[in-house]
Amino acid sequence: MKIGCPTEIKSQEFRVGVTPNAAMEAVARGHEVLVQSGAGIGAGFTDDDYTAAGAKILGSAKEVFDAADMIVKVKEPQAGERKMLREGQILFTFLHLAPDPDQTHDLIASGATCIAYETVTDGKGGLPLLAPMSEVAGRLAPQTGSWALQKANGGSGVLMGGVPGVRPANVAIIGGGVVGAAAARVAVGMGANVTVLDRSVPRLSYLDDVFMGRLTTQYSDKGAVEELLPRMDMVVGAVLIPGAAAPKLVSREQLSLMKPGSVLVDVAIDQGGCFETSKATTHQDPIYEVDGIVHYCVANMPGAVARTSTIALGNATMPHMLALADKGWKKACADDPHLLAGLNVHAGQLTYEAVGEALGIDWVKPESLL
Ligand SMILES: NC(=O)C1=CN([C@@H]2O[C@H](COP(=O)(O)OP(=O)(O)OC[C@H]3O[C@@H](n4cnc5c(N)ncnc54)[C@H](O)[C@@H]3O)[C@@H](O)[C@H]2O)C=CC1
Ligand SMILES: CC(=O)C(=O)O
Ligand SMILES: [Mg+2]
């Protein structure tokens, strides 16, 4: 199969979909890997690194899209990229369709087979292709949130760890999954007072065990959120209902409960965000203020640390990319129900229930296509 890897074009996105190591594995199995010149530069991989791995360098995204049987990317295809997709082509990347009707309609119209990293599952109830990026975004959340707390950025001027005689920042993390646990690890490490909220008691029990008293866990409901907001300096949004639009857990009205200059970091923004006042921002212009509360809502946080993120993502996606290339999408998905769970669009049809429900579009069961 011809595997194509174009340069990412989303604002400030420096990751790349195929690493030289992944290219080398694919070439060793008899596939051709076509990489747009410069695609890896932001992550520290030169064209020569790809050539040494056996890949072929092409001059433009159009050449890659035209030649490839499967496009492997990082971010959801932007409008111009969507126009280059064609019937029968496989697209393997993050999609986040539930909050994005324009993209969903374009992918359906393209006729391509679109497999979303974020809905591929594993045998343990996890999302193994989302997880590495959630590890990164979770670790970044308190780091960028603490920057937003600084006065120059509109924040209240509270230092995460405090100093002797002055209390540290109070940080609430709503959603204690992969993002939440990673955020808790860094926030605790910075010396903040951390509370994690989740709707899963077994998950809270796990976090209680591993953090051994260094954070507080609380069941997540409206009352708990309202009780916490007046005390919090930072709230991290880290919830997920796989494939679905994020539930709104803090309303605009509730912002008035918070201290001026407090910070909301909405990591769940790629699924539409879990605060009513969230709107996606970019690394170039990451924060804005609503009613005196600083919002940080960057939808591709891992792009900020593109080297680490690219390698972590590539490690997770490579086996699936190879299965798709070796077997074609149909046999690969028939052999692996967890990969089939990633199928969101095929040949003009939506194949993911939560996206259909979020956008009011008819969908078909992916199993019916095998
Ligand atoms: N902005 C960015 O750059 C990135 C965003 N993300 C996003 O971060 C979000 C979280 O991802 P993961 O941690 O990997 O998901 P996960 O599935 O590991 O964890 C989500 C947690 O949310 C909990 N939850 C669901 N509804 C809840 C509610 N109403 N209140 C409290 N908890 C609730 C679940 O029980 C689960 O423990 C996703 O939307 C993901 O796409 C992930 C990576 C990068
Ligand atoms: C998960 C995601 O959207 C990202 O890594 O950008
Ligand atoms: Mg994202």
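Ligands are counted one by one from 1 in listed order, and the atoms in each one are counted from 1 as well. The first residue of the sequence shown is numbered 1, and numbering continues consecutively from there.
- A donor-acceptor pair under 3.5 Å is formed between the side chain of Glu118 and the backbone N or O of Leu95.
- Taking the charged nitrogens against the carboxylate oxygens, Lys73 and Glu81 do have a contact shorter than 4.0 Å, which makes a salt bridge.
- Between Leu130 and ligand 1, not a single N/O pair is under 3.5 Å apart.
- Counting heavy atoms under 4.0 Å from ligand 2, residue Val136 does not touch it at all.
- Within the structure, the closest approach of Val298 to ligand 1 falls below 4.0 Å when heavy atoms are considered.
- A salt bridge links Asp233 to Arg167: at least one charged side-chain nitrogen sits closer than 4.0 Å to a carboxylate oxygen.
- Remark: among candidates Glu13, Lys75, Arg15, the nearest residue to atom 5 (O) of ligand 2 is Arg15, based on non-hydrogen atoms.
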Verdict with reasoning, Thr119 to Asn344, per side-chain hydrogen bond (donor to acceptor under 3.5 Å, both in side chains):
CA-CA 8 Å; Thr119 65; Asn344 276 229; 3.1 Å; yes

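- Listed by atom number, the atoms of ligand 2 under 4.0 Å from Asp270 heavy atoms are 1 (C), 2 (C), 3 (O).
- Looking at Asp198 against ligand 1, both its backbone and its side chain come within 4.0 Å, counting heavy atoms.
- One option in Leu140, Val267, Val136, Ile241 has a heavy atom closer to atom 5 (C) of ligand 1 than any other, and that option is Val267.
- For atom 4 (C) of ligand 1, the candidate residues are Asp270, Val265, Val239, Val179; the nearest heavy-atom contact is made by Asp270.
- Of the heavy atoms in Ala299, only backbone atoms (N, CA, C, O) come closer than 4.0 Å to ligand 1.
- Less than 4.0 angstrom separates some heavy atom of Pro302 from each of these atoms of ligand 1: 3 (O), 44 (C).
- At a threshold of 4.5 Å between non-hydrogen side-chain atoms, the residues Phe275 and Arg252 do not count as touching.
- With a 4.5 Å cut-off on side-chain heavy atoms, Leu149 and Asn153 do not count as touching.
- A side chain to side chain donor-acceptor pair (under 3.5 Å) with Thr113 holds for exactly one of Glu87, Gln89, His346; it is His346.
- Every atom of ligand 2 is numbered from 1 in the order shown, and the set under 4.0 Å from a heavy atom of Asn300 is 6 (O).
- Which parts of ligand 2 touch Ala299 is read off a 4.0 Å heavy-atom cut-off, strictly below it: atoms 3 (O), 6 (O).
- If you look at Ala137 next to ligand 2, there are no close heavy atoms at all, none under 4.0 Å.
- Considering only heavy atoms from C-beta on, Glu32 stays 4.5 Å or farther from Ile3 through its side chain.
- Using a 4.0 Å cut-off between a side-chain N of Lys or Arg and a carboxylate O of Asp or Glu, Arg15 and Glu13 qualify as a salt bridge.
- Applying the 4.0 Å criterion to heavy atoms of Asn300 picks out, from ligand 1, the atoms 3 (O).
- Within ligand 1, the atoms closer than 4.0 Å to a non-hydrogen atom of Ser134 are 11 (O), 12 (P), 14 (O), 42 (C), 43 (C), numbered from 1 in the order shown.
- Considering only residues two or more places apart in sequence or on other chains, Phe92 meets the ring-ring contact (aromatic ring centres under 6.0 Å, His included) condition with Tyr117.
- Counting the atoms of ligand 2 from 1 in the order shown, those under 4.0 Å from a heavy atom of His96 are 1 (C), 2 (C), 3 (O).
- Contacts between Leu249 and ligand 1 below 4.0 angstrom, taking non-hydrogen atoms only, involve the side chain exclusively.
- The ligand atoms of ligand 1 that sit less than 4.0 angstrom from a heavy atom of Ser220 are 30 (N), 31 (C).
- Taking the side-chain contact (heavy atoms from CB on, under 4.5 Å) definition, one finds that Thr104 meets it with Leu97, Ile108, Leu350, Val355, Leu359, Ile361, sequence neighbours left out.
- In summary, the atoms of ligand 2 found under 4.0 Å from a heavy atom of Leu130, numbered by their order in the structure, are 1 (C).
- By the 4.5 Å heavy-atom criterion applied to side chains, Gln103 and Arg82 are counted as neighbours.
- Remark: Lys279 is positioned above the aromatic ring of Tyr288, its terminal NZ or CZ atom under 6.0 angstrom from the ring centre and at most 45 degrees off the axis.
- Using a 4.0 angstrom heavy-atom cutoff, Glu118 does not count as in contact with ligand 1.
- In this structure, CE in Met84 is found 11.0 Å from CD in Glu63, a value given to the nearest 0.5 Å.
- At least one heavy atom of Ala238 lies less than 4.0 angstrom from ligand 1.
- Note: no N/O pair closer than 3.5 Å links Leu127 and ligand 1 by distance alone.
- With a 4.0 Å cut-off on non-hydrogen atoms, Gln271 touches ligand 1 through its side chain and not its backbone.
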